[in-house]
Amino acid sequence: MRINENFLKLKESYLFATVGKKTAEYRAAHPEKKVIRLSIGDVTLPLAPAVIAAMHRAVDDMAKKETFKGYGPDATCYGYDALLDSILSSYARKGVALEKGDIFISDGAKSDCGNILDIFSAENTVLIPDPVYPAYFDVNVMAGRNIVFAEASEKNAFLPMPDDTVKADIIYICSPNNPTGAAYTKAQLKAWVDYANRQGAVILYDAAYEYFVNDPALARSIYQVEGAKECAIELCSYSKTAGFTGVRCGYTVVPKELIRGGASLNRLWARRQSTKFNGTSYITQMGAAAVFTEEGEKQISANIGYYRNNAKIITDCLDRLGIFYTGGKHSPYVWMKCPGNMTSWEFFDYLLENANVVGTPGSGFGKNGEGFFRLTAFGTEEDTREACARIQALLGK
Ligand code: PLP
């Protein structure tokens, strides 16, 4: 037998392991110092009360013969009506009309950003932004695909635009972006949609952070752009929207209008899911269905508002220091330029040792991340304020 030798081409991901190791070593050497982590990529606030109440009711349903649920409904790839209806209503509020059959409930956006590749040939060329959420790159290395990069940099404010001289079949776009926090306007996304339609390509649009968008000129969904249903699949998640990182629920939209190679991608994906997936748990789906209710939205907006305020504390500090950054306004991530031409890891060490603040070196997200640094808004307000006061004192000297 032969293994999938593409796995041997994967680079070890030392980023978060090295951040953790260096932080632990510093703490052990300086137990008296309070180290603050502005590197947290996970949510820290608990689930909204409306979600918890819905999950409790779903647990009770499972305890009674009349309301017990086994496998989810076949006709909708295991998505329950209550959840599908709530997702359609959330899209309708964004001005997007979809049908239930366009939506596939998942256990989160990360799985589907790799799983979706099952319906595409390994011969395709993939276009991935650099820097980027590392999973897009690794899942395509595993499949042995040819990878080309859309170069993001300070020059294009980390929002690369399409280049007609580059031929791509599959295009990953993440907006608001992890790690740069940069978010495309609808007009910018229209250029990507037109490019994809001209090339006969498919866009895989990761909208995991769309609930942080607070400006009608920016896109919340790629389907707010004309022509997107003919070229784009949208990957969505309750993780950052509603604190579901530990619960696990998301949804993937494959519009029926999306045809490639003479086939409906919706039908291919439905076939793939019914073969390799058996659905997201009933209790999880009922919890998720409470997110886009009036009460649920009010509660998750309060949590997002808390993170947004932390992001503002960080960006205000960088504004005072005159440091270039992207993100923070429509994203929990702030992507700052390292001062004094330091490399990402030099700045990591400098900040840890002199301000006892931990962030994430940008070079871990791709070659164009070198010289940049990611700070996150997922900590407490108190810690964020203290960390920024220390950064101000250190860099404002
Ligand atoms: N997509 C992006 C861009 C992310 O940053 C993350 C998590 O950090 C995910 C997807 C993963 O989402 P999920 O928890 O739904 O798998």
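The model shown is predicted, which means the values in this text are computed figures rather than measured ones. Note that ligands are numbered from 1 as they come in the structure, with each ligand's atoms numbered from 1 the same way. Residues take their numbers from the sequence shown, with the count starting at 1.
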task = Measure from NZ or CZ of Arg272 to the centre of the six-membered ring of Phe277 and say whether it is under 6.0 Å with the direction within 45° of the ring axis.
result =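 Here Arg272 fails the 6.0 Å and 45° test against Phe277.
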Exercise answer: donor-acceptor pairs, residues 62-76 side-chain atoms, under 3.5 Å, sequence neighbours excluded:
from: Thr67; atom 1: OG1; to: Asp61; atom 2: O; distance (Å): 2.8
from: Lys69; atom 1: NZ; to: Thr67; atom 2: O; distance (Å): 3.1
from: Thr76; atom 1: OG1; to: Gly79; atom 2: O; distance (Å): 2.6

key: Which residues share a salt bridge (Lys or Arg N to Asp or Glu O under 4.0 Å) with Glu294, sequence neighbours left out   =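 None.
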inquiry  = Ignoring hydrogens, what is the shortest heavy-atom contact between Cys338 and Ser344? Give both atom names and the distance.
reply    =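 Closest approach of Cys338 to Ser344: SG-CA, 3.9 Å.
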key: Presence of salt bridge, Asp194 and Lys190, under 4.0 angstrom   =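 So Lys190 pairs with Asp194 through a salt bridge.
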Could you pull out every donor-acceptor pair under 3.5 Å between side chains of residues 136-149 and any protein atom, sequence neighbours left out?
from: Tyr136; atom 1: OH; to: Asp206; atom 2: OD2; distance (Å): 2.7
from: Asn140; atom 1: OD1; to: Arg145; atom 2: NH1; distance (Å): 3.1
from: Asn140; atom 1: ND2; to: Tyr136; atom 2: O; distance (Å): 2.9
from: Arg145; atom 1: NE; to: Ser121; atom 2: O; distance (Å): 3.1
from: Arg145; atom 1: NH2; to: Leu117; atom 2: O; distance (Å): 3.4
from: Arg145; atom 1: NH2; to: Phe120; atom 2: O; distance (Å): 3.1
from: Arg145; atom 1: NH2; to: Ser121; atom 2: O; distance (Å): 3.3
from: Asn146; atom 1: ND2; to: Thr125; atom 2: OG1; distance (Å): 3.1

request  = Give the protein residues with at least one non-hydrogen atom closer than 4.0 Å to an atom of ligand 1, ordered by chain and number.
outcome  =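 These residues qualify: Gly108, Ala109, Lys110, Tyr133, Tyr136, Cys174, Asn178, Asp206, Ala208, Tyr209, Ser237, Ser239, Lys240, Arg248.
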